[in-house]
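Note that ligands are numbered from 1 as they come in the structure, with each ligand's atoms numbered from 1 the same way.
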Amino acid sequence: MENIDLKKLPRHIAIIMDGNGRWAKEHFLGRILGHRKGAEAVRVTVRTCREIGIEYLTLYAFSVENWLRPVEEVEGLMKLLGEFLQAELQEMLDNDIRLTTIGDIETLREPLKKLLRKTMEATAHNKGMVLNLALSYGGRDEIIGAVKKILKDSATGKVTSSQMTKELFSSYLQTSHTPDPDLLIRTSGEYRLSNFLLWQAAYTEFYFTDVLWPDFGRKDLFEAITAYQARERRFGLTSEQLRNG
Ligand code: IPE
Ligand code: IPE
Ligand code: MG
């Protein structure tokens, strides 16, 4: 924490929490236990982000592709998610954290959907930090969903092609309540987006680490933020332009 500049924090951090399965394997445990340990790392990360003043934290918890994993694993993940929501509600209320989701929530099962709705309602007015969970999320599906809504609005004359801008398009995405991520972290030594925030990551700074998600702690988060703070975000301009502008 000593190394990070609290005045130059990323407003929005997004994390691809990867490596639970490999962590489990390394410890001769079943994959579900890897996910369970991963949920601990989620707790630490949420707490730390809130503590230092991150405004938005988006966590990739379950991709639309993850439905194709073995049934026991999907079941296990859904159960863990329910447990997480139940266990964290009080903490979210105490720490002024608002829970939101992106992804196709409708595909989740009823008890879980209900729990999500309840948690979102209970935290809806919190202002300290937005904790945005990507559940059954796919970036391409999200973009197609936006296009479908736009086509509908176009048919009723609510939007015309000449009005369409990047900002208006963004407002049709499920992330309309968040700014684009400033920093995207992926753990476990994989270097890909895996269908996460495809549109939103256009100018995001990427940080990759070999640390497996269950081992990702405060120190690792601070390292990622320190690396982010050493970057120059040029947005297509030259260094000179940025320094003089
Ligand atoms: C990330 O860990 C959690 C989810 C995708 C839900 P993995 O389960 O992908 O872990 P690895 O990649 O198999 O190690
Ligand atoms: C991405 O991890 C999804 C989540 C972290 C929830 P995966 O482990 O599913 O990604 P791939 O399959 O390695 O690309
Ligand atoms: Mg993985």
Side-chain angles (χ1 to χ4, degrees), residues 12-46 49 56-85 87-88 99-109 112-113 115-116 130-145 173-175 178 181 183-201 204-217 220-221 224:
H12 183 177
I13 298 180
I15 308 182
I16 303 177
M17 311 181 289
D18 200 9
N20 295 352
R22 277 161 284 167
W23 183 93
K25 200 165 187 188
E26 277 182 8
H27 292 79
F28 306 102
L29 299 167
R31 295 184 60 90
I32 304 295
L33 286 170
H35 295 309
R36 192 167 281 284
K37 187 77 177 149
E40 297 279 312
V42 172
R43 258 175 222 134
V44 172
T45 299
V46 171
C49 284
Y56 301 88
L57 174 64
T58 297
L59 299 178
Y60 204 3
F62 193 81
S63 76
V64 71
E65 288 80 14
N66 289 150
W67 286 114
L68 297 174
R69 289 192 179 192
V71 207
E72 315 80 65
E73 180 164 351
V74 173
E75 294 286 330
L77 278 164
M78 294 301 150
K79 189 165 162 258
L80 265 175
L81 182 62
E83 286 174 20
F84 175 83
L85 290 171
E88 295 307 292
L99 183 86
T100 61
T101 60
I102 53 174
D104 192 1
I105 300 306
E106 284 313 306
T107 55
L108 303 176
R109 255 179 273 98
L112 194 54
K113 273 198 275 188
L115 195 54
L116 273 170
V130 170
L131 170 59
N132 187 32
L133 289 185
L135 295 170
S136 190
Y137 175 84
R140 287 183 168 175
D141 301 71
E142 182 191 28
I143 291 169
I144 290 172
L173 293 171
Q174 295 176 322
T175 47
T178 73
L183 168 62
L184 186 144
I185 299 169
R186 183 166 189 153
T187 58
S188 84
E190 305 293 350
Y191 304 93
R192 53 179 172 268
L193 265 180
S194 300
N195 207 7
F196 192 41
L197 303 178
L198 297 179
W199 166 276
Q200 298 87 340
T204 299
E205 294 295 331
F206 286 32
Y207 179 86
F208 297 102
T209 170
D210 287 340
V211 173
L212 301 175
W213 178 251
D215 290 326
F216 190 88
D220 303 290
L221 181 67

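- Below 3.5 Å of separation, one finds no N or O of Phe62 facing any N or O of ligand 1.
- Using bins of under 30°, 30° to 60° and over 60° for the plane-to-plane angle, the ring pair His27/Trp23 lands in the parallel bin.
- The protein atom (non-hydrogen) at minimum distance from atom 5 (C) of ligand 2 is Met17 O, 3.4 Å.
- Heavy atoms from other residues, nucleotides or ligands lying under 6.0 Å from NZ of Lys113 number more than 12.
- Residue, atom and distance of the protein heavy atom nearest to atom 10 (O) of ligand 1 are Gly21 N, 2.9 Å.
- The stretch residues 206-217 participates, sequence neighbours left out, in no salt bridge (charged side-chain N to carboxylate O under 4.0 Å, His left out) pair at all.
- The closest protein non-hydrogen atom to atom 9 (O) of ligand 2 is Asn66 ND2, 2.9 Å.
- Atoms of ligand 1 found under 4.0 Å from any heavy atom of Arg22 (numbered from 1 in listed order, with element): 11 (P), 12 (O), 14 (O).
- Within ligand 2, counting atoms from 1 as listed, the ones closer than 4.0 Å to a heavy atom of Arg192 are 11 (P), 13 (O), 14 (O).
- Polar contact with ligand 1: present for Arg31 (N/O pair, distance under 3.5 Å).
- At least one donor-acceptor pair closer than 3.5 Å links the side chain of Thr187 to the backbone N or O of Asp18.
- The contact set between ligand 1 and Ala61, taken as ligand atoms under 4.0 Å from a residue heavy atom, comprises 6 (C).
- Between the side chains of Trp67 and Ser136, at least one donor N or O lies within less than 3.5 Å of an accepting N or O.
- For a distance threshold of 2.8 Å, the protein N, O or S atoms nearer than that to the Mg ion (ligand 3), listed by chain and number, are Asp18 OD1.
- At a 4.0 Å cut-off, at least one heavy atom of His35 sits close enough to ligand 1 to count as contact.
- Relative orientation of the Tyr137 and Tyr60 rings is perpendicular, given thresholds of 30° and 60° on the angle between their planes.
- To the nearest 0.5 Å, the span separating CG on Leu212 from CE on Met17 amounts to 14.0 Å.
- Closest to atom 6 (C) of ligand 2 among all protein heavy atoms lies Tyr60 O, 3.3 Å.
- With hydrogens and angles ignored, the 3.5 Å screen pairs no side-chain donor or acceptor of Asn20 with any backbone N or O of Trp213.
- Checking Thr58, Thr178, Asn132 one by one against Thr100, the side-chain contact (heavy atoms from CB on, under 4.5 Å) holds for a single residue, Asn132.
- Look at Glu83 and Lys79 and you find a salt bridge, because one of the NZ, NE, NH1 or NH2 atoms lies within 4.0 Å of a carboxylate O, short of that distance.
- Of the protein's non-hydrogen atoms, the one nearest atom 2 (O) of ligand 1 is Asn20 N, 3.2 Å.
- Listed by number with element, the atoms of ligand 2 under 4.0 Å from a non-hydrogen atom of Arg186 are 2 (O), 10 (O), 11 (P), 13 (O), 14 (O).
- Closest to atom 4 (C) of ligand 1, if we only count protein heavy atoms, is Arg69 NH1, 4.0 Å.
- Counting only heavy atoms from C-beta outward, the side chains of Leu81 and Phe62 never approach each other to under 4.5 Å.
- The environment of Arg43 atom CZ is dense: over 12 non-hydrogen atoms of other residues, nucleotides or ligands sit within 6.0 angstrom.
- Side-chain N or O atoms of Arg31 include none that pairs as donor or acceptor with a backbone N or O of Glu73 at under 3.5 Å.
- For ligand 2, none of its N or O atoms has an N or O atom of Ser63 under 3.5 Å away.
- Ligand 1 has at least one atom lying under 4.0 Å from a heavy atom of Gly19.
- Scanning all protein heavy atoms for the shortest distance to atom 14 (O) of ligand 2 gives Ser194 OG, 2.6 Å.
- Glu40 and Lys37 are not joined by a salt bridge, as no carboxylate oxygen comes within less than 4.0 angstrom of a charged side-chain nitrogen.
- Under 4.0 Å from ligand 2, not a single heavy atom of Phe196 appears.
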